[in-house]
Each structure stands twice: as structure tokens, then as C-alpha cells.
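Here's the structure, in C-alpha cells; my notes come after.
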Amino acid sequence: MKPEEKFRYLFGPVPSRRLGLSLGVDLNPAKVCTENCVFCQVGRTTELTVARKEWVPTAAVLAEFDRWAAARNPTDYVTLSGSGEPTMHAGFGEVLRHVKAAGPFKTALLSNGSLLWMPEVRREAAEADVVKVTLSAWDEASFARIHRPAEAVTFERLLAGERALREAFPGQLWVEVMLLPGYNDAPEQVKAIAELVKSLRAEAVHLNTTTRPAQAGVVVPRVPEAWLRTVAAWFSPVAEIPVFSGKAVSPVEMSDAGLIELLARHPLALEALAASGGAEVAAVEQRLAPLVAAGKLGIEAHDGVWMVRVVLA
Ligand code: SF4
């Protein structure tokens with residue numbers, strides 16, 4: 001069974017820079033989120049809200065997962081992530097518990113951290129083995145400029161929620177810092193973020209910049225790798241600059257639907273897409289050619305890197 005062909009709420013497994021092979025579970029319709037980040041690769045947020053509800057049917061998600069698990073497909077993690085903020089889904093804790101009860105699956109929650117000020121969200125988040133939160137700003141103004149959040153989402157709440165989670169969460173807390181040129185990459189800005197990150201006592205800090213073209217209507221270039229490596233040492237623990245793991249299904253063997261599904265949620269560098277599945281770049285280009293010719297995929301240069309992405313209608 002090729003999971004990418006059969007499912008609506010599951011995607012991948014995708015090569016995650018953080019988690020190895022990661023089966024994604026998408027609990028949000030595109031594009032419902034608490035934020036509208038300038039660097040978002042999913043697209044512009046069309047429903048900016050903090051409403052917590054069953055955005056997609058929990059029972060249907062669990063049924064898909066059971067079908068996937070029954071086929072004994074491999075994965076390192078089952079990860080709640082995808083088209084928006086997963087903690088907006090009122091049943092995300094139930095999904096985490098279900099996955100844990102189904103077998104020896106590790107679980108991860110990739111959250112922007114915006115709702116962790118709510119005790120019930122923190123309680124549910126603590127069901128995961130790994131919670132990755134974002135902290136890329138140092139005050140209200142920088143937070144608003146980068147993340148363009150819903151009105152109820154403030155930097156003060158974000159930081160308080162992430163700190164409160166740390167106090168109560170025995171699992172792995174990872175912090176992602178997204179650095180963007182002209183937004184938060186000046187030395188004093190990075191140092192201010194690093195100081196706040198330190199207060200979270202995270203098990204790991206991941207330093208990122210835009211590696212895929214943003215689709216949120218803002219052109220955001222990448223921070224040079226040399227600068228990332230320089231500032232990594234300012235964080236505690238020292239920040240990692242994640243790399244692709246190389247354990248995914250070869251893109252050459254994936255179906256058209258599977259490729260489109262994967263790239264809609266995760267536009268990837270051509271080389272990374274090839275490396276993730278152990279394929280040659282030329283073979284991947286050949287595989288993608290019919291989809292490019294049909295106008296379904298685009299391969300375009302982004303800051304010197306060839307990126308593959310779905311062409312939006
Ligand atoms: S990057 Fe994440 S938090 Fe920001 S708008 Fe996109 S989905 Fe929402």
C-alpha cells in the first residue's frame with residue numbers, strides 16, 4: 001500500500017529535517033491558522049482565528065490512521081502538523097492518545113505555541129513524546145510583524161504558554177527559531193531571542209531559515225548558512241541546523257497524487273527531494289517532467305536553489 005495514494009488526513013511519510021521519517025497527520029483544512037506568518041509555505045491564512053473545534057472529523061482521522069497502521073508501514077514518528085496550527089483541533093489530544101495506544105509509535109506535535117496559554121491545550125500537548133514550539137520574536141512588535149497573528153494571540157501569551165508547558169511537560173521540548181533577513185537576524189535581535197529560548201530549558205533548539213518558497217504573499221530570502229552557523233552558538237543548548245535524513249520513499253516511485261499531496265504541504269528543494277528517497281536528481285526531474293508539463297508542478301529557482309512546488313490554481 002502506498003499511503004500517499006489513499007489518505008485524506010495522513011501524508012507522507014515525509015523526510016523531516018527534525019524527526020527522520022515522519023508520518024504527517026493534518027488536522028486543519030487549508031488554510032485555517034492562528035497566525036499568518038510571512039514565511040508560511042502552506043499559503044496565506046484565509047481563516048485567521050483562535051477557535052478550537054473539530055476542524056476535520058476526529059473519527060475519520062483515527063480510521064485512516066488505523067488503516068495505515070494495519071498495513072505495517074514504517075515511520076519514525078507520527079506527527080501532528082500540516083496545513084495550520086494542530087492545537088486548534090479540539091480532538092488533537094485524542095489523536096495523540098489513539099496513536100500511542102495503537103502500537104510502538106513515537107508522537108510529535110509541531111505547534112506555533114500560540115494556544116499553549118490555555119491549560120487544556122497544554123494538558124493535551126503533553127501527551128506527545130516531542131513538542132516542538134516556535135519562538136522567533138523577542139517582543140510584541142517583532143512577533144506581530146513576523147507572525148501576523150489573530151487578535152487574541154499575543155507575544156506575552158505565547159511566551160507564558162511555552163514556559164508553562166516546559167514546567168509541566170516531561171517529554172522532549174524542542175524550539176524552532178526561524179530567522180528571516182530584515183526581520184530578526186541582526187545580532188542584537190538574535191541575542192534577545194536566544195535569551196528567551198534559554199528560559200524554556202529546551203532539549204534541542206533548531207535554527208532555520210526559509211528553505212522553501214513562502215506562499216503567504218511575501219518574498220522572504222534566506223539567511224546565509226554561514227550566519228546561521230555563527231549564531232547557533234549563542235543559543236543554549238547550542239542550536240542545531242537540521243539536515244534531511246534520507247529515509248523516505250523514492251520520489252521516482254511515488255504516484256502523481258502522492259507527489260502533489262507531499263509537495264502541496266512541503267515544497268522541497270529538488271536535491272533534497274531526490275536525496276530524501278535515495279534517488280538521482282536527474283531521475284527525479286524525469287519523473288516530475290509530465291507533471292511540470294501539465295502545469296501541476298513548478299520547478300523554480302529560489303535564492304539559488306531549485307525548488308519543486310505545486311502550482312496553485
Ligand atoms: S507557518 Fe505555521 S503557524 Fe505560521 S501561518 Fe503557516 S501554518 Fe500557521
Side-chain angles (χ1 to χ4, degrees), residues 9 11-12 14 16-19 22 24-53 55-56 79-89 92 108-118 121 125 128 130-137 140 142-155 157-159 161-162 165 174-181 183-185 193 206-223 242 261-268 302 307 309-310 312:
Y9 307 109
F11 60 97
V14 297
S16 164
R17 287 173 295 171
R18 313 167 184 90
L19 298 165
S22 164
V25 182
D26 190 354
L27 298 176
N28 297 61
K31 170 63 183 349
V32 175
C33 197
T34 56
E35 299 179 352
N36 182 25
C37 307
V38 293
F39 57 84
C40 186
Q41 290 121 19
V42 180
R44 188 183 290 276
T45 298
T46 49
E47 192 161 351
L48 186 63
T49 175
V50 293
R52 297 196 64 234
K53 61 182 187 182
W55 287 99
V56 298
T79 304
L80 305 193
S81 66
S83 304
E85 169 54 31
T87 63
M88 297 176 78
H89 193 285
F92 86 93
L109 169 68
L110 307 190
S111 169
N112 62 21
S114 62
L115 300 183
L116 290 171
W117 56 275
M118 300 178 182
V121 173
V130 172
V131 178
K132 190 273 304 180
V133 297
T134 300
L135 185 51
S136 304
E140 295 291 349
S142 58
F143 180 67
R145 186 164 176 245
I146 295 168
H147 298 285
R148 304 184 297 186
E151 204 176 327
V153 176
T154 64
F155 183 68
R157 278 181 160 169
L158 174 103
L159 193 56
E162 293 183 350
L165 178 73
W174 299 353
V175 181
E176 179 174 79
V177 180
M178 176 68 84
L179 289 188
L180 309 170
Y183 285 85
N184 62 356
D185 68 329
I193 296 168
H206 296 146
L207 203 49
N208 272 323
T209 188
T210 48
T211 54
R212 311 164 187 155
Q215 297 191 21
V218 180
V219 176
V220 183
R222 292 188 297 172
V223 169
E261 178 74 1
L262 170 62
L263 292 161
R265 289 177 167 109
H266 293 270
L268 289 167
H302 176 69
M307 302 296 302
R309 56 181 288 184
V310 166
L312 299 175

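All ligand and atom numbering here is 1-based and tracks the order in the structure.
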Sorted by chain and residue number, the side-chain contact (heavy atoms from CB on, under 4.5 Å) partners of T49 (sequence neighbours excluded) come out as V32, E47, A51, W55, M88
Sorted by chain and residue number, the side-chain contact (heavy atoms from CB on, under 4.5 Å) partners of A108 (sequence neighbours excluded) come out as L19, Y77, T79, V130
For A144, the side-chain contact (heavy atoms from CB on, under 4.5 Å) test, sequence neighbours excluded, returns none
Notebook entry, point to check: For atom 1 (S) of ligand 1, is some protein heavy-atom partner under 4.0 Å away?
Noted result: yes
Rounded to the nearest 0.5 angstrom, the CG-CD distance for L27 and E85 is 10.0 Å
Original post:
Does the side chain of D26 pick up a donor-acceptor pair with the side chain of S83 at under 3.5 Å?
Top reply: yes
Atoms of type N, O or S from protein under 2.8 Å of atom 6 (Fe) of ligand 1, total 1
Exercise. Side chains of T45 and K31: donor-acceptor distance under 3.5 Å anywhere?
Worked result: yes
